[in-house]
Structure formats: structure tokens, C-alpha cells
Amino acid sequence: MKRIKIKELLASPEIESDVLVKGWVRTKRGNKNIAFIALNDGSTINNIQVVADTAKFDENLLKDITTGSCLSVSGKLIESQGQGQNIEIHAESIELYGKSDAETYPLQKKGHSMEFLREIAHLRPRTNTFGAVFRIRHAIAFAIHKYFNDKGFFYLHTPIITGSNAEGAGELFHVTTMDLANIPHNKDGSVDFNNDFFGKPANLTVSGQLEGELGALALSDIYTFGPTFRAENSNTPRHLAEFWMVEPEMAFYDNNDNMDLAEDFVKYLIRYALENCKDDLDFLNSIIDKGLLERLNFVLGNEFIRMTYTDAIKILIDSGKKWEYPISWGKDLQAEHERYLVEEHFKKPVILTDYPKDIKAFYMKQNDDGKTVRAMDVLFPGIGEIIGGSQREENYDALLSRIKELNLPEKDLWWYLETRKFGTAPHSGFGLGFERMIIFITGIPNIRDVIPFPRTPKNAEF
RNA sequence: UCCUCAGUAGCUCAGUUGGUUAGAGCGGCGGACUGUUAAUCCGUAGGUCGUAGGUUCGACCCCUACCUGGGGAGCCA
């Protein structure tokens with residue numbers, strides 16, 4: 001007999017048919033005559049109830065069926081006599097694949113704190129909450145590829161190891177094969193990289209954007225979707241040292257096209273989750289965050305506010321609020337300012353545009369006013385900046401002078417500059433923090449709980 | 001990195017102004033129960049009180065440092 005996944009079984013049950021299911025025991029209840037086993041194989045948040053007449057099975061086998069143990073069960077699918085489930089399996093035979101010592105297995109029937117589960121990240125996917133989160137995470141990853149593929153975008157693989165930190169986005173993880181106990185130095189005291197693997201300093205990427213632009217200036221529309229690394233000592237529920245980023249880059253898009261795409265994209269992902277992850281979202285809505293579904297539907301049903309940085313500053317000043325960080329034109333918005341705009345003033349997602357050039361990256365398209373750049377940040381409730389993007393500076397001279405102004409390593413960026421020399425084109429792009437999107441869609445408050453194995457300062461276990 | 005709160009049984013927590021033998025619920029184990037739903041009922045084992053110093057006749061409790069975790073902030077996605 002062929003094994004059937006529990007999701008499939010529950011979706012189209014054939015009463016009185018013989019079935020074979022395999023999975024892990026969530027709970028066992030019962031008395032000396034009958035045992036009820038809740039079995040879960042991860043295909044869905046729902047369990048199948050296995051009913052076993054104790055007379056039919058070896059006493060020791062039944063004793064070894066404990067929370068966490070793994071079983072193969074064959075039997076007849078019948079309508080349940082009890083409340084709480086429609087169907088159940090009347091077991092004919094049970095094979096115990098793996099015991100789970102009840103005394104030491106850390107997961108119990110009762111709920112656990114997220115902090116405790118994080119310490120047992122190797123087992124937490126077996127809980128309802130993490131099963132739901134990781135299934136949703138998968139669904140959204142798939143939806144990202146589907147969205148872009150359907151729009152004619154190409155998935156471009158940008159390098160994980162790079163030889164420059166041109167973007168200047170945060171601290172780097174260095175990549176080397178040098179003996180750390182015996183690092184060669186030049187006469188001036190600096191590290192001698194000549195005999196290192198790449199013959200020069202290398203690091204894990206902080207963003208695939210610059211390489212993504214190279215792709216867009218040949219294939220028109222591309223996206224990257226991969227891990228990025230920041231060695232910042234950030235200890236917050238919104239930061240990881242290793243996180244996944246989605247970065248589309250589009251030729252012939254101006255910043256308005258860019259915003260249109262960003263809003264449509266984010267809404268597509270939310271809609272995809274609502275349509276394809278209903279059981280998991282219902283569970284999270286009841287257990288983690290009672291306002292989750294309402295919030296997802298609200299974001300879907302409303303247009304994002306679009307306004308310039310300059311207008312936003314006016315609103316913040318006119319609000320008369322006392323800010324911990326006083327606000328004025330030219331200063332970057334702090335968390336309290338973003339929160340005010342999104343959660344109090346507009347009460348919906350906000351896209352801010354045209355930031356002062358001095359608080360944004362060198363590659364952003366400069367406006368004619370000489371003061372601002374065509375940046376756009378999408379701000380979400382509870383998360384802050386979920387997307388950051390811009391129209392890119394396509395003018396060679398303007399880009400080069402900005403690089404010089406900021407003392408960036410011009411020679412490391414020769415390849416980037418050449419695209420502006422040979423057939424340059426207006427283009428735009430943005431980056432979406434994948435885990436932050438998952439936070440929003442699942443209602444899970446801590447980013448460490450929306451990735452299977454979080455990497456944070458002082459934590460690289462598993 | 002800064003501010004702040006916390007660390008006591010496998011888990012979640014209580015523990016009086018510093019005073020004999022550190023408690024509960026859940027989980028585990030043993031038993032009862034003819035269909036359970038986080039089953040129920042009876043019984044039972046389980047502790048280097050985060051680590052290292054210090055104060056004291058005496059420290060889970062007071063002091064110092066460090067470690068780990070939560071919340072907030074910064075950096076950012």
C-alpha cells in the first residue's frame with residue numbers, strides 16, 4: 001500500500017478504504033481498552049486520529065507510542081464516533097519507526113514559550129506554531145518566484161561571496177582561508193591578502209543589488225532572492241545576521257513604476273498566503289495574534305499612502321508631538337517617526353519618497369533640486385521599513401561625481417560604472433526583507449521565530 | 001552597542017524584613033477508568049536557586065563582575 005499524506009487524506013477521505021499513514025505522535029490518550037493517537041506528518045497543521053484497540057496490539061508497542069515517537073500506521077478510514085474530528089483511522093497494524101523517550105523529549109502536550117523553543121530549534125518544527133510558520137514561509141518563497149516568473153522577470157543568481165563592500169550597508173563578515181593564528185602583514189602593518197584564497201579581501205554579500213542592476217541592463221527585468229549577511233551587533237526582534245532578501249531590478253522603470261510594482265508585489269504575497277495557507281493562518285490568528293487576518297485583509301483592501309519625505313517632515317513637525325529624537329528636514333526618520341506616520345496619522349502602509357541625498361546611498365537617482373534622490377521606502381505597521389528602493393542613477397558623470405564626493409573606492413566599482421558608459425538606461429529596483437514579510441504575514445513578533453535556524457550575535461547553534 | 005527587566009524542578013512560575021528540611025501547576029513515572037480531544041481521578045520521583053567572587057554567625061534573598069534571555073533604542077531589510 002502506498003503511504004498517503006495526512007493533508008491529502010483529510011482533503012478527500014474515502015470512507016471504508018484502507019490507508020497507510022506515517023508521522024509523529026502529538027498526543028496519546030485513552031484507557032486500558034482503547035488508545036487515541038494524534039498523528040501529524042507536517043503536511044498540514046491538522047492531525048489524523050488513530051484509534052487502536054489495545055487488545056489487538058502488543059502492550060510494549062503501545063507503551064512505546066509516546067509524544068514525539070514516529071509511526072507507520074495502516075488501517076481502515078472510518079467516520080469518527082467521537083467529537084472533534086470527522087474521520088479517523090482504525091488501526092490494523094502499527095510499526096514503530098522511532099521511539100521518543102518521554103522522560104527526556106522536551107516537547108510536551110502543553111504550550112511552550114517561544115524562547116524555550118528557540119533553544120530546541122532542531123525540534124521546534126514539530127510544534128503547531130512552527131509547522132505553520134515554516135509552511136507559510138515556503139508558500140511565500142514559492143509565491144515570490146511565481147509572481148516574478150509570471151511577469152517575465154528572470155531569477156538572477158548574484159554572488160554570495162563578493163570582493164568589495166561598495167554598497168556600504170553595514171559591517172561585513174570576512175571570508176578567508178588564512179590561518180587566523182598567523183595572519184601575514186605588509187610592511188605598513190596592514191593585512192597581506194596576496195596569498196589569501198581570492199588574493200584580495202572578500203566578504204559575504206550584504207546585498208545583490210549592484211550585480212542585479214547588471215542583469216537588468218541586459219535582461220530588462222530580473223530579481224534576486226537569496227541570503228544576505230550583516231555583521232552588525234543588532235539585538236532586536238527585527239534583525240538577523242543572516243537573512244533573505246528579494247531584490248527586483250527593472251530597466252526602463254522610473255520610481256513611480258517602482259512603487260507600483262512594490263505595492264502590487266506585497267499585496268500579491270499577502271493574497272497568496274490568504275488563499276493558500278488558510279488552515280495555518282487561522283491557527284496563527286487564534287493562537288498568536290487575534291488581529292492577524294483582519295490586518296492582512298486591511299492592507300489588501302487599501303492603497304498605500306505615497307508622499308515625499310519633505311511632506312512627511314511637515315506632518316511630523318505639525319503634529320506637535322514631543323519626539324525623543326527631534327525631527328527636522330535632513331534628518332533620517334527614527335522608529336518613533338515612522339510609527340507615528342503609519343500607526344497613528346495614516347493608519348495604513350506608507351511609501352515615502354524623495355529623501356535627502358545625504359541620508360541615502362550613492363547609487364540613487366539625483367533629483368533636479370540638487371538636494372534629494374528618488375528613493376522610496378515602504379513602511380509597514382509593527383515592522384517599519386519593509387522595502388527600501390529607488391530609481392538608480394543612470395548618468396555616468398552624476399554617478400561618478402557622487403562616488404568621489406563620498407570617497408567610495410572608485411576602482412572597485414569599475415564594472416558598475418561601465419554599465420553607465422555602455423548603453424545606460426533608466427532603471428529602478430527595491431529590496432524586500434523576506435523575514436520581515438513573514439513576520440507581517442504570520443503575526444509572529446520575533447524575527448528569530450520565522451526562520452528555521454536564526455543567526456544572531458552570539459548564536460550560531462544548529 | 002546603550003537603557004531596562006529577568007534567570008529557582010524537564011516546562012511555566014511562587015518563594016515573606018537575610019534564619020531549620022526550597023513550593024505549586026503542567027509534564028514524567030506507577031495505578032484507576034469502555035470513545036478520548038491540552039481527557040479525568042489517585043499516588044509518586046524530580047533542585048549545585050545562571051556562573052564566579054564578596055558581605056554576613058547565616059544568602060534563592062544584599063553587593064560586584066560576567067554569561068544568557070525578554071522588552072525598548074541605535075544600525076538596517
Side-chain angles (χ1 to χ4, degrees), chain A residues 26-38 46-55 63 66-68 78-85 88 90 100-120 123 127-128 167-171 206-209 227-247 287 323-325 332-339 359-361 377-380 383-389 430-440 445-451 456-459 461:
Chain A
R26 285 293 169 78
T27 65
K28 188 179 75 170
R29 297 175 290 271
N31 53 48
K32 68 179 174 191
N33 299 310
I34 192 165
F36 300 97
I37 302 159
N46 301 115
N47 304 325
I48 185 80
Q49 173 157 285
V50 173
V51 185
D53 291 327
T54 53
K63 208 170 229 180
T66 56
T67 303
I78 56 171
E79 281 182 43
S80 180
Q81 298 170 34
Q83 304 292 310
Q85 62 281 316
E88 62 193 19
H90 198 112
S100 175
D101 178 38
E103 214 167 327
T104 51
Y105 186 61
L107 291 173
Q108 55 188 49
K109 301 172 193 179
K110 270 226 170 183
H112 292 290
S113 70
M114 297 298 263
E115 291 79 22
F116 173 67
L117 291 171
R118 212 173 288 148
E119 292 171 11
I120 51 167
L123 297 173
T127 63
N128 284 333
E167 223 213 325
E171 292 292 314
V206 295
S207 160
Q209 182 203 311
T228 48
F229 308 86
R230 310 252 169 116
E232 298 288 343
N233 192 8
S234 296
N235 295 286
T236 86
R238 294 178 307 283
H239 292 86
L240 291 167
E242 175 183 298
F243 64 100
W244 288 64
M245 193 147 61
V246 185
E247 296 176 289
I287 297 292
W323 305 107
E324 192 185 339
Y325 294 85
D332 208 353
L333 298 186
Q334 302 297 317
E336 56 174 338
H337 308 126
E338 295 181 351
R339 193 166 300 141
I359 58 173
K360 288 293 179 184
D377 285 0
V378 181
L379 309 180
F380 258 41
I383 293 172
E385 187 183 337
I386 194 166
I387 283 178
F430 62 82
L432 168 80
F434 182 58
E435 282 77 16
R436 289 190 179 175
M437 192 69 210
I438 305 300
I439 285 177
F440 186 76
N446 195 313
I447 200 165
R448 295 168 179 129
D449 301 321
V450 298
I451 187 169
T456 51
K458 299 276 154 54
N459 183 10
E461 194 66 50

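Just the heavy atoms: all of them, side chains too, but no hydrogens, waters or symmetry mates, feed the values below. This is a predicted model, so every value here is computed, not measured. Order of the sequence lines fixes the chain letters, A, B, ..., with proteins taken first and strands second; residue numbering starts at 1 for each chain.
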Participant: Regarding Arg230(A) and Thr228(A), do their side chains bring together a donor and an acceptor under 3.5 Å, going by distance alone?
Facilitator: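 No, no side-chain donor-acceptor pair sits under 3.5 Å.
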Participant: What interatomic distance, in whole Å, is found between P of rC61(B) and the corresponding atom of rG54(B)?
Facilitator: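 These two P atoms come out 14 Å apart once rounded.
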Participant: If the P atom of rG25(B) is compared with that of rA14(B), how far apart are they to the nearest Å?
Facilitator: 16 Å
Participant: Taking only the P atom of each, what is the distance from rA6(B) to rC63(B) in whole angstrom?
Facilitator: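 These two P atoms come out 12 Å apart once rounded.
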Participant: Among rG35(B), rG69(B), rG74(B), which nucleotide has an atom closest to any side-chain atom of Glu115(A)?
Facilitator: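 In terms of side-chain proximity for Glu115(A), the closest of rG35(B), rG69(B), rG74(B) is rG69(B).
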Participant: Write down the distance separating the C1' atoms in rA59(B) and rU4(B), rounded off to the nearest Å.
Facilitator: 26 Å
Participant: For rG46(B), which nucleotide in any strand shown is its Watson-Crick or wobble partner with both distances under 3.5 Å?
Facilitator: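 Paired with rG46(B), as far as the under-3.5 Å criterion goes, is no nucleotide at all.
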Participant: Between Asn31(A) and rG35(B), is there a side-chain N or O to OP1/OP2 distance below 4.0 Å?
Facilitator: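 Yes.
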Participant: Between Glu435(A) and Trp244(A), is there a donor-acceptor pair closer than 3.5 Å when you use the side chain of the first and the backbone of the second?
Facilitator: yes
Participant: Would you say rA39(B) has OP1 or OP2 under 4.0 Å from some side-chain N or O of Arg29(A)?
Facilitator: yes
Participant: Distance between the P atoms of rA22(B) and rC26(B), in whole angstroms?
Facilitator: 22 Å
Participant: Verify the contact: side-chain N or O of Gln334(A) to OP1 or OP2 of rC75(B), cut-off strictly under 4.0 Å; return yes or no.
Facilitator: yes
Participant: Counting only Watson-Crick pairs (N1-N3 plus N6-O4 or O6-N4) and G-U wobbles (N1-O2, O6-N3), all under 3.5 Å, who is the partner of rU1(B)?
Facilitator: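 Per the H-bond distance test, rA73(B).
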Participant: For Asn233(A), which residues count as a side-chain hydrogen bond (donor to acceptor under 3.5 Å, both in side chains) partner, sequence neighbours excluded?
Facilitator: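 side-chain hydrogen bond (donor to acceptor under 3.5 Å, both in side chains) check on Asn233(A) returns Asn235(A).
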Participant: Taking the side chain from Asp377(A) and the backbone from Leu379(A), do they hold a donor-acceptor pair closer than 3.5 Å?
Facilitator: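 Not confirmed, Asp377(A) side chain does not pair with Leu379(A) backbone.
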Participant: Does Arg26(A) have a side-chain nitrogen or oxygen under 4.0 Å from the phosphate oxygens OP1 or OP2 of rU37(B)?
Facilitator: no
Participant: Hey, does the side chain of Asp53(A) reach the backbone of Ala55(A) with a donor-acceptor pair shorter than 3.5 angstrom?
Facilitator: no
Participant: Can you list the residues that meet the ring-ring contact (aromatic ring centres under 6.0 Å, His included) rule with Phe430(A), with sequence neighbours excluded?
Facilitator: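 Per chain and number, Phe430(A) pairs via ring-ring contact (aromatic ring centres under 6.0 Å, His included) with no residue.
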Participant: Can you tell me whether the side chain of Ser234(A) and the base of rC76(B) have a donor-acceptor pair closer than 3.5 Å?
Facilitator: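 A donor-acceptor contact between them is absent.
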Participant: Take the protein atom CG of Asp332(A) and the nucleotide atom C1' of rC75(B), then report the distance between them rounded to whole Å.
Facilitator: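 Value for this atom pair: 11 Å.
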Participant: For rG18(B), give the paired nucleotide (Watson-Crick: N1-N3 plus N6-O4 or O6-N4; G-U: N1-O2 and O6-N3; both under 3.5 Å), or none.
Facilitator: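 For rG18(B), the partner nucleotide comes out as none, under the 3.5 Å rule.
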Participant: Applying a 3.5 Å limit to both distances, which nucleotide forms a Watson-Crick or G-U wobble pair with rA39(B)?
Facilitator: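 Here rA39(B) is not engaged in any pair, so there is no nucleotide opposite it.
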Participant: Quick check on RNA chain B: between Asn446(A) and Lys32(A), whose nearest nucleotide comes earlier from the 5' end?
Facilitator: Lys32(A)
Participant: Just by distance, with hydrogens left out, do Arg448(A) and Asn459(A) show a side-chain donor and acceptor under 3.5 Å apart?
Facilitator: no
Participant: Measure from the side-chain heavy atoms of Arg118(A) and tell me the nearest of rG71(B), rC76(B), rG69(B).
Facilitator: rG69(B)
Participant: Using atom types as modelled and distance alone, determine if a side-chain donor or acceptor of His239(A) lies under 3.5 Å from a backbone N or O of Thr236(A).
Facilitator: no
Participant: So, does Thr67(A) use its side chain to make a donor-acceptor pair with the main chain of Gln108(A) at under 3.5 Å?
Facilitator: no
Participant: Output one letter per nucleotide in nucleotides 23-30 of chain B: B when a protein non-hydrogen atom lies under 4.0 Å from the base, S when only the sugar-phosphate is that close, - when neither is.
Facilitator: ---BSSS-
Participant: Looking at the side chain of Arg238(A), which of rU36(B), rA73(B), rG70(B) is the nearest nucleotide?
Facilitator: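 Of all the options, the side chain of Arg238(A) is nearest to rA73(B).
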Participant: Please measure how far the P atom in rU17(B) lies from the corresponding atom in rG28(B), and state the result in whole Å.
Facilitator: 37 Å
Participant: In whole angstrom, give me the gap between the C1' atoms of rU8(B) and rC2(B).
Facilitator: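 That atom pair is separated by 29 Å.
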Participant: I want to verify a distance call: between rG35(B), rU36(B), rU12(B), whose nearest atom is closest to the Val51(A) side chain?
Facilitator: rG35(B)
Participant: Take atom P in rU20(B) and the same atom in rG58(B), then report the distance between them in whole Å.
Facilitator: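 About 15 Å, rounded to a whole number of Å.
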Participant: Considering heavy-atom distances to RNA chain B, does Gly84(A) or Pro106(A) have its closest nucleotide positioned more toward the 5' end?
Facilitator: Pro106(A)
Participant: Write down the partner of rA6(B) under the Watson-Crick or G-U wobble criteria, each distance required to be under 3.5 Å.
Facilitator: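 WC or wobble partner is rU68(B).
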Participant: Please tell me which of the listed nucleotides, rG74(B), rU12(B), rG35(B), lies nearest to the side chain of Ser113(A)?
Facilitator: rU12(B)
Participant: rU1(B), OP1 or OP2 - any side-chain N/O from Asn233(A) closer than 4.0 Å?
Facilitator: yes
Participant: Whether the side chain of Glu88(A) and the base of rG35(B) hold a donor-acceptor pair under 3.5 Å is what I'd like checked.
Facilitator: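 Per atom types, the contact qualifies.
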Participant: Looking at the side chain of Thr236(A), which of rU37(B), rG74(B), rU1(B) is the nearest nucleotide?
Facilitator: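 Between rU37(B), rG74(B), rU1(B), the one nearest the side chain of Thr236(A) would be rG74(B).
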